[in-house]
Amino acid sequence: MAITLDLYDDFHLHGASAPEWQQRYLQLSQGVMRSTLAEAVSGGVHVFRKWMSERVVQQGCLPAGRLCFAVGNGQGAGVPRVQGRALEDHSLFLLRAGEDFTLQRPRGMELLAVTFEAEQFRRLLDARPLPPQALRLLSQPVLRAPAEAVARLRHALLGLVQGGDTAHEEAAACIAFEALHAVLEGAAGAPPGVAGSSASFIVSECHRIVAASGAAPPDIEALCRRLRTSRRSLQNGFRQMADTTPVHYLRSLRLNAVRGRLLATSAAQCSVSQAAEAQGFHQLSHFSQRYKALFGELPSATPRAIS
């Protein structure tokens, strides 16, 4: 297997490492972002181990023709949530080709994942079928499984990404598939997970509305009216899903948008004040203070593209 290890000090660069996933990152906790990405690739099998230092909302879309399975490797400072559901130690996250995903990553969370080419996974299933009740679970986003089976999967994925004796594609695929097979069989007999809640809907809708609002972001009262919910429900939703307040989350969303634009443009193409005003920050001194508090640097220190 071809194994690589990359270190990043900016999550925008981290996202750019896999453009086919269309990933976006929203940093919520204050601090300089650090992340690592270890990958092992062999034919149609791709195993990766991703760690991020800060609390981050990660969004993206699985590329066509792929299946992805993921487990946490230590939860970090909080409970991860994927598609609005808690990702616990004994949980398996499934993603199918073309599906969008939202992952709430607490500080210091590490994720282990393996993707297969869909056709390759079907061939493996043909050779080693799952019971019907386990096969039906492949349509679910998050599964509960026996802790021992998930621990064995975690161990198998770590072995692959750390460079075990898997020199060719068939060995890597079989090792990952056998561990997944045991998890899926075990999950068929486990109690179902808790479905996504209204809190997930509230957070995702507020995120979508504010991200599209540009220079005139709605305030909290306007969001409550639009979603026909109370301020308390809004606050509780953000606390449950993102462990923060609506004001901090939505302001961080706009600050991240400014940072993304600064990184993508030269100073001649877009000034700091222009980037800030485009996201509704009209008092430059307050904006700069909040930007530095979140990212650990003033906007004037953010690296710019070369014109």
Side-chain angles (χ1 to χ4, degrees), residues 21 23 25 28 37-38 45-52 55-62 66-97 99-116 121 125 130-131 133-161 175-201 203-204 237 239-243:
W21 283 70
Q23 294 189 90
Y25 293 92
L28 291 177
L37 177 61
V45 179
H46 178 195
V47 183
F48 59 89
R49 178 184 187 182
K50 180 184 291 187
W51 171 84
M52 307 186 92
R55 185 174 218 2
V56 169
V57 182
Q58 179 181 349
Q59 296 177 310
C61 179
L62 183 64
R66 309 288 294 180
L67 282 172
C68 180
F69 304 86
V71 293
N73 189 35
Q75 290 186 336
V79 178
R81 292 184 180 274
V82 60
Q83 316 298 57
R85 303 185 185 192
L87 188 62
E88 301 169 317
D89 282 342
H90 55 278
S91 297
L92 176 70
F93 167 37
L94 286 75
L95 198 62
R96 288 147 290 273
E99 284 188 342
D100 294 327
F101 67 90
T102 297
L103 174 60
Q104 300 273 357
R105 304 178 67 116
R107 269 182 162 170
M109 178 192 172
E110 184 169 87
L111 191 74
L112 284 166
V114 56
T115 69
F116 292 86
F121 193 78
L125 276 178
L130 282 165
Q133 64 270 31
L135 197 58
R136 286 193 290 269
L137 295 177
L138 291 173
S139 64
Q140 301 298 314
V142 180
L143 308 179
R144 288 182 175 181
E148 318 84 70
V150 176
R152 288 196 294 272
L153 173 61
R154 196 177 284 118
H155 179 76
L157 297 183
L158 282 171
L160 290 171
V161 84
I175 288 171
F177 179 79
E178 284 301 315
L180 276 170
H181 196 282
V183 171
L184 292 166
E185 279 192 318
V194 178
S197 65
S198 60
S200 176
F201 173 79
V203 173
S204 63
R239 185 61 66 188
Q240 178 184 340
M241 290 292 114
D243 194 29

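By convention here, the first residue in the shown sequence is residue 1. Everything numeric here is computed off the predicted structure, so don't read it as measured data.
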Subject >> Verdict with reasoning, Leu111 to Leu103, per side-chain contact (heavy atoms from CB on, under 4.5 Å) >> reply: CA-CA 11 Å; Leu111 191 74; Leu103 174 60; 4.0 Å; yes
If I take atom [atom1] from residue [X] and atom [atom2] from residue [Y], how far apart are they, to the nearest 0.5 angstrom?
X	Y	atom1	atom2	answer
Glu99	Cys61	CD	SG	8.5 Å
His46	Arg66	NE2	CZ	8.0 Å
Leu184	Phe177	CG	CZ	8.0 Å
Glu110	Met52	CD	CE	12.0 Å
Ile175	Leu157	CD1	CG	10.0 Å
Phe116	Leu125	CZ	CG	9.5 Å

Validation row: [X], [Y] side chains within 4.5 angstrom (heavy atoms):
X	Y	answer
Val114	Leu160	no
Leu95	Val82	no
Thr115	Phe121	no
Phe201	Met241	no
Phe93	Arg85	no
His181	Leu130	yes

Do you know which two heavy atoms are closest between [X] and [Y], and how far apart they sit?
X	Y	result
Ala113	Cys68	CB-SG, 4.2 Å
Leu28	Ala242	CD1-CB, 4.1 Å
Arg152	Ala179	O-CB, 4.4 Å
Ser91	Val142	CB-CG1, 4.1 Å
Ser200	Gly84	OG-CA, 3.4 Å
Ala97	Leu62	N-CD2, 3.6 Å

Original post:
side-chain contact (heavy atoms from CB on, under 4.5 Å) between Val57 and Tyr25: does it pass, once the steps are laid out?
Top reply: CA-CA 6 Å; Val57 182; Tyr25 293 92; over 6 Å; no
With distance as the sole test, does [X] use its side chain to make a donor-acceptor pair with the main-chain N or O of [Y] at under 3.5 Å?
X	Y	value
Arg154	Asp89	yes
Arg96	Gln140	yes
Gln83	Asp100	yes

Original post:
Which residue, Leu92, Leu143, Leu137, Val71, forms the side-chain contact (heavy atoms from CB on, under 4.5 Å) with Val183?
Top reply: Leu92
**OP:** Could I get the full list of salt bridge (charged side-chain N to carboxylate O under 4.0 Å, His left out) partners for Arg136, not counting sequence neighbours?
**Re:** none
Original post:
Where do Val203 and Arg81 land on the side-chain contact (heavy atoms from CB on, under 4.5 Å) test, with the steps shown first?
Top reply: CA-CA 12 Å; Val203 173; Arg81 292 184 180 274; over 6 Å; no
